[in-house]
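Read the numbers this way: they start at 1 and go in the same order the structure lists the ligands and their atoms.
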Amino acid sequence: MDPKYSIIVPMFNEEEVIEVTYGRLKEVMDRQGEPYELVFVNDGSRDRTVEIVNRICDGDANVRLINFSRNFGHQVAISAGMDYAQGQAVVVIDADLQDPPEVILEMIKKWKEGYDVVYGKRLKRKGETAFKKVTALLFYRTLRSMTSVDIPVDTGDFRLIDRKVCDVMSRLTEKNRFIRGMVSWVGFNQTSVEYVREERFAGETKYPLKKMIRFALDAITSFSYKPLKLATYLGFALSLFSFVFLLVVLYQRLFTNMTVPGWTSLLASNLLFNGIVLILLGIIGEYIGRIYDESKNRPLYIVKEARGFRGGTEAGERHER
Ligand code: UDP
Ligand code: MG
């Protein structure tokens with residue numbers, strides 16, 4: 001029988017949590033009492049994650065595994081899950097139990113009321129470092145002020161989407177994917193359920209600073225041109241400033257006999273402007289890099305093995321994109 005619900009779980013080195021996560025998800029979905037599938041996406045883990053999921057797969061016909069050939073990133077793992085999911089409602093949840101599986105039942109209730117997207121809104125974040133909380137707060141607010149798409153603040157990828165939204169998502173071909181922005185962009189009837197983000201159950205974050213920066217840059221460059229416009233605004237402002245400065249210099253030269261000030265001011269302005277020019281070049285580089293990524297047109301991910309799906313691995317090959 002076709003599953004009614006698909007639960008997508010991206011995993012990167014999650015050997016410590018995956019068994020418990022599976023247990024909690026199974027318990028919640030069994031309670032729901034309708035057919036479902038658990039789609040585990042292994043994003044190139046270097047630990048025993050695959051081994052464990054394979055074992056779970058052996059004993060449970062509701063479990064599927066998509067095994068990437070290497071680490072492609074969290075957002076890509078979710079995308080693959082969406083491509084493969086067969087349910088009428090598709091839920092994305094982190095592997096580390098920070099998003100409580102019980103909230104899925106509330107999401108399903110909203111879905112049955114007729115909503116197409118039900119996202120989880122974090123009321124509180126437990127057990128995360130002050131650094132993570134501050135950067136997250138800044139990130140969501142900055143992003144919001146920069147984009148014209150209405151991306152809700154304090155919302156992660158924990159959400160339920162309807163089949164029709166999932167199909168649209170699979171048709172969006174961009175390589176640098178910021179899923180929550182894309183879901184907002186797609187539209188349809190959206191609503192939220194509130195929850196408290198728990199502590200990671202075990203293990204440590206798979207989002208080190210480097211990945212966080214990459215993620216933030218993808219989010220902003222995918223949904224905003226404002227950083228590019230910065231060049232224009234700064235250009236105008238600096239021109240105006242230079243013009244006034246020129247007048248001052250001319251006045252001094254023609255009408256006063258003040259000695260020429262030292263090279264300090266010269267050097268200072270030189271350094272300042274050089275810095276600004278480099279930053280602007282960097283911004284342009286970020287966009288050009290992404291244009292380059294799109295133009296190479298490589299597949300988004302490569303699946304080494306897919307288990308448990310109707311049609312087996314071949315169906316998997318067809319999904320690859
Ligand atoms: N993840 C992934 N690929 C990556 C990094 C993370 O699939 O390259 C998964 C990870 O296994 C987890 C989810 O994405 O299920 C969120 O990661 P994590 O909990 O480490 O992030 P945090 O909650 O600290 O922001
Ligand atoms: Mg986490």
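Residues satisfying the ring-ring contact (aromatic ring centres under 6.0 Å, His included) criterion with Phe188, sequence neighbours excluded, are absent altogether. Residues meeting the ring-ring contact (aromatic ring centres under 6.0 Å, His included) test with Trp111, sequence neighbours left out: Tyr5.
In this structure, Asp43 contributes its side chain and Gly73 its backbone to a donor-acceptor pair below 3.5 Å. No donor-acceptor distance shorter than 3.5 angstrom exists from the side chain of Lys304 to the backbone of Ile302, with no hydrogens or angles considered.
In this structure, the protein non-hydrogen atom closest to atom 3 (N) of ligand 1 is Asp43 OD2, 2.6 Å. The nearest heavy-atom contact from the protein to atom 19 (O) of ligand 1 is Asp96 OD2, 2.6 Å. Looking at atom 18 (P) of ligand 1, its nearest protein heavy atom turns out to be Arg200 NH2, 3.5 Å. With respect to atom 1 (N) of ligand 1, the closest heavy atom belonging to the protein is Phe12 CB, 3.8 Å. At the top of the distance list for atom 14 (O) of ligand 1, counting protein heavy atoms only, stands His74 CD2, 3.1 Å. Protein heavy atom at the shortest distance from atom 21 (O) of ligand 1 is Tyr207 CD1, 3.3 Å.
Shown in contact with Lys132 at under 4.0 Å from a heavy atom are these atoms of ligand 1, numbered in order with element: 22 (P), 24 (O), 25 (O). Atoms of ligand 1 lying under 4.0 Å from any heavy atom of Asp94, numbered from 1 in the order shown and given with element: 13 (C), 15 (O), 16 (C). Heavy-atom proximity to Lys206, at under 4.0 Å, picks out these atoms of ligand 1: 5 (C), 6 (C), 18 (P), 20 (O). Here is the list of ligand 1 atoms found below 4.0 Å of a heavy atom in Gln98: 19 (O), 22 (P), 23 (O).
Less than 6.0 angstrom separates the ring centroid of Tyr84 from the ring centroid of Phe309.
Within the 4.0 Å heavy-atom cutoff, Arg197 counts among the residues contacting ligand 1. Remark: distances from the non-hydrogen atoms of Lys211 to ligand 1 include one below 4.0 Å.
Under the salt bridge (charged side-chain N to carboxylate O under 4.0 Å, His left out) criterion, no residue pair touches residues 235-250, with sequence neighbours excluded.
The tally of protein N/O/S atoms under 2.8 Å from the Mg ion (ligand 2) stands at 2.
For Gln98 and Arg197, the side-chain atoms include at least one donor-acceptor pair closer than 3.5 Å.
When non-hydrogen atoms are compared, ligand 1 lies under 4.0 Å from the side chain of Asn71 (C-beta onward) but not from its backbone. With a 4.0 Å heavy-atom cut-off, ligand 1 is reached by the side chain of Glu14 but not by its N, CA, C or O. Contacts with ligand 1 closer than 4.0 Å are made by heavy atoms of both the backbone and the side chain of Thr205.
Salt bridge annotation for Glu27-Arg31: present, with a cationic side-chain nitrogen under 4.0 angstrom from a carboxylate oxygen. Electrostatic pairing of Lys206 and Glu14 counts as a salt bridge here, judged by a charged N lying under 4.0 Å from a carboxylate O. Taking 4.0 Å as the cut-off between side-chain N and carboxylate O, Arg177 and Asp218 do not count as a salt-bridged pair. For the pair Glu294 and Arg290, the salt-bridge criterion is not met [side-chain N within less than 4.0 Å of a carboxylate O]. Classification of Lys112 and Glu34 as a salt-bridged pair holds, one side-chain N sitting under 4.0 Å from a carboxylate O.
For ligand 1, the polar-atom distance check finds no N/O of Gly73 at less than 3.5 Å from any of the ligand's N/O atoms. The shortest N/O to N/O separation between Ala77 and ligand 1 does not fall below 3.5 Å.
Residues Ile8 and Met82 meet the side-chain proximity criterion, which asks for heavy atoms closer than 4.5 Å.
From Gln75, atom CD reaches atom CD of Glu174 across 11.0 Å, with rounding to the nearest 0.5 Å.
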